[in-house]
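To start, the structure itself, in structure tokens.
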Amino acid sequence: MKNTIGILVPMQEEVELLLSDLAHAKKIELASRIFYRGDLCGKEIVLAKSGIGKVASSFTASLLIHHFGVQSILVTGVAGGIADQLKVGDLAIATRAVQHDMDCSPLFPKFEIPTTGVTYFEPDKTLTKQLQDAANTYCELDFKNQISTEVQVELDIQKPNIYTGLLVSGDQFIGTMAQWNKICTELPETLFVEMEGAAVAQVCHDSNIPWCSIRTISDKANDMAHFDFNLFLNHAAKIYTAGIVKRFLEKI
Ligand code: SAH
């Protein structure tokens with residue numbers, strides 16, 4: 001049976017490196033978005049720049065599923081590390097996802113998607129396990145070859161660790177201690193934060209499509225986040241993303 005995988009990345013920088021390895025690439029423009037269908041590591045994929053935030057990424061995910069007919073979705077890119085143990089350059093894999101800015105209380109419990117009874121979205125277990133294997137292989141075999149020693153030293157990312165846990169998403173760049181504190185207080189189990197994953201998870205849930213998510217930590221979602229984010233984006237983000245996506249496609 002045909003098995004097309006949708007790969008969603010929020011930013012142009014992250015699309016580019018993957019694109020250069022995409023065989024038989026076909027560019028399709030639709031609804032102010034660009035999609036690329038092609039073969040990567042022997043798998044048929046549709047690669048899309050989702051755009052930033054929950055609406056942009058949900059819409060892109062809907063098109064991937066209902067227009068392009070993908071059977072599963074990987075959401076990747078960079079994220080802010082909320083939990084203390086996460087450092088810039090580490091990898092975070094979602095085992096659950098919640099929208100930290102969803103609040104229809106007192107009508108519905110805080111964070112619950114109104115009228116659905118759902119607060120936490122669960123990724124597909126098999127895909128998530130394969131993502132963990134891919135991340136391990138990436139760290140063991142690819143990282144040192146792909147990220148130059150100068151960049152490793154400059155960003156202090158010599159030895160990436162892989163963590164799994166709660167992903168929180170919302171339409172905010174978390175870049176102050178006040179924002180960091182609010183998330184830690186309200187959702188104390190949070191591992192990492194970004195702006196798309198839990199929205200794509202809702203679309204996949206409603207469409208009965210398996211999803212999984214891995215992100216590279218670009219910043220610590222604190223007062224230094226804007227600075228760290230840009231540095232990481234310019235020097236390392238796309239290399240990580242392309243490397244991990246390729247290892248993932250080999251595993252599935
Ligand atoms: N400066 C960028 C905008 C980045 S928005 C530009 O001009 O293109 C941040 C992006 O990285 C989002 O896609 C989000 O998912 C992720 N991200 C990284 N760190 C984040 C943080 N601390 N808080 C929220 N999102 C973060």
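None of the values given here were measured: they were computed from a predicted structure. In each ligand, atom 1 is the first atom listed, and ligand 1 is the first ligand listed.
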Quick one: nearest non-hydrogen protein atom to [atom], plus distance?
| atom | result |
| --- | --- |
| atom 20 (C) of ligand 1 | Phe173 CE1, 3.4 Å |
| atom 4 (C) of ligand 1 | Phe229 CZ, 3.4 Å |
| atom 23 (N) of ligand 1 | Ile174 N, 2.9 Å |
| atom 24 (C) of ligand 1 | Gln172 O, 3.4 Å |
| atom 6 (C) of ligand 1 | Ile52 CD1, 4.4 Å |

| said: Regarding atom 22 (N) of ligand 1: of the candidates Ile82, Asp228, Asp219, which has the closest heavy atom? | reply: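 Considering heavy atoms of Ile82, Asp228, Asp219, the nearest to atom 22 (N) of ligand 1 sits in Asp219.
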
| said: Looking at non-hydrogen atoms alone, which of Glu196, His226, Met195 comes nearest to atom 25 (N) of ligand 1? | reply: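 Result: the heavy atom closest to atom 25 (N) of ligand 1 is in Met195.
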
| query | When only distance counts, is Ala221 in polar contact with ligand 1, meaning an N/O pair under 3.5 Å? | reply |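 No, there is no polar N/O contact under 3.5 Å.
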
Just checking, is any N or O donor in the side chain of [X] or [Y] under 3.5 Å from an acceptor N or O on the other one?
| X | Y | answer |
| --- | --- | --- |
| His66 | Ser207 | yes |
| Thr4 | Glu44 | yes |
| Thr119 | Lys110 | no |

| Is the Tyr120-Phe111 ring centre distance short of 6.0 angstrom? | no

Short list, please: which atoms of ligand 1 are under 4.0 Å from a heavy atom of [X]?
| X | answer |
| --- | --- |
| Arg215 | 15 (O) |
| Pro10 | 13 (O) |
| Gly80 | 18 (C), 19 (N), 20 (C), 22 (N) |

| task | Mind listing the closest non-hydrogen atom pair of Lys238 and Glu14 along with its distance? | result | CB-CA, 4.4 Å

| said: Testing the basics here: between Val15 and Lys49, what is the closest heavy-atom pair and its distance to 0.1 Å? | reply: CG2-CB, 3.7 Å

| note | CG of Leu17 to CD of Gln146, rounded to nearest 0.5 Å, is 8.5 Å

| request: Give, for atom SG of Cys41 and atom CD of Glu250, the distance between the pair rounded to the nearest 0.5 Å. | output: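 Here the interatomic distance stands at 5.0 Å.
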
| Under 4.0 Å from ligand 1, counting heavy atoms only, is it the side chain of Ser218, its backbone, both or neither? |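 The side chain, only.
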
| task | Using a 4.0 Å heavy-atom threshold (strictly under), name the region of Val78 that reaches ligand 1: side chain, backbone, both or neither. | result | both

| Lys129 bridged to Asp133 by N-O distance under 4.0 Å |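 Salt bridge flag = yes for Asp133 with Lys129.
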
| Is any side-chain N of the basic residue among Arg247 and Glu140 closer than 4.0 Å to the acidic one's carboxylate O? | no

| query | Is there a protein heavy atom at a distance of less than 4.0 Å from atom 11 (O) of ligand 1? | reply |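 Yes, at least one protein heavy atom sits under 4.0 Å from atom 11 (O) of ligand 1.
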
| query | So, does Ala79 sit close enough to ligand 1 that a heavy atom of it is under 4.0 Å from the ligand? | reply | yes

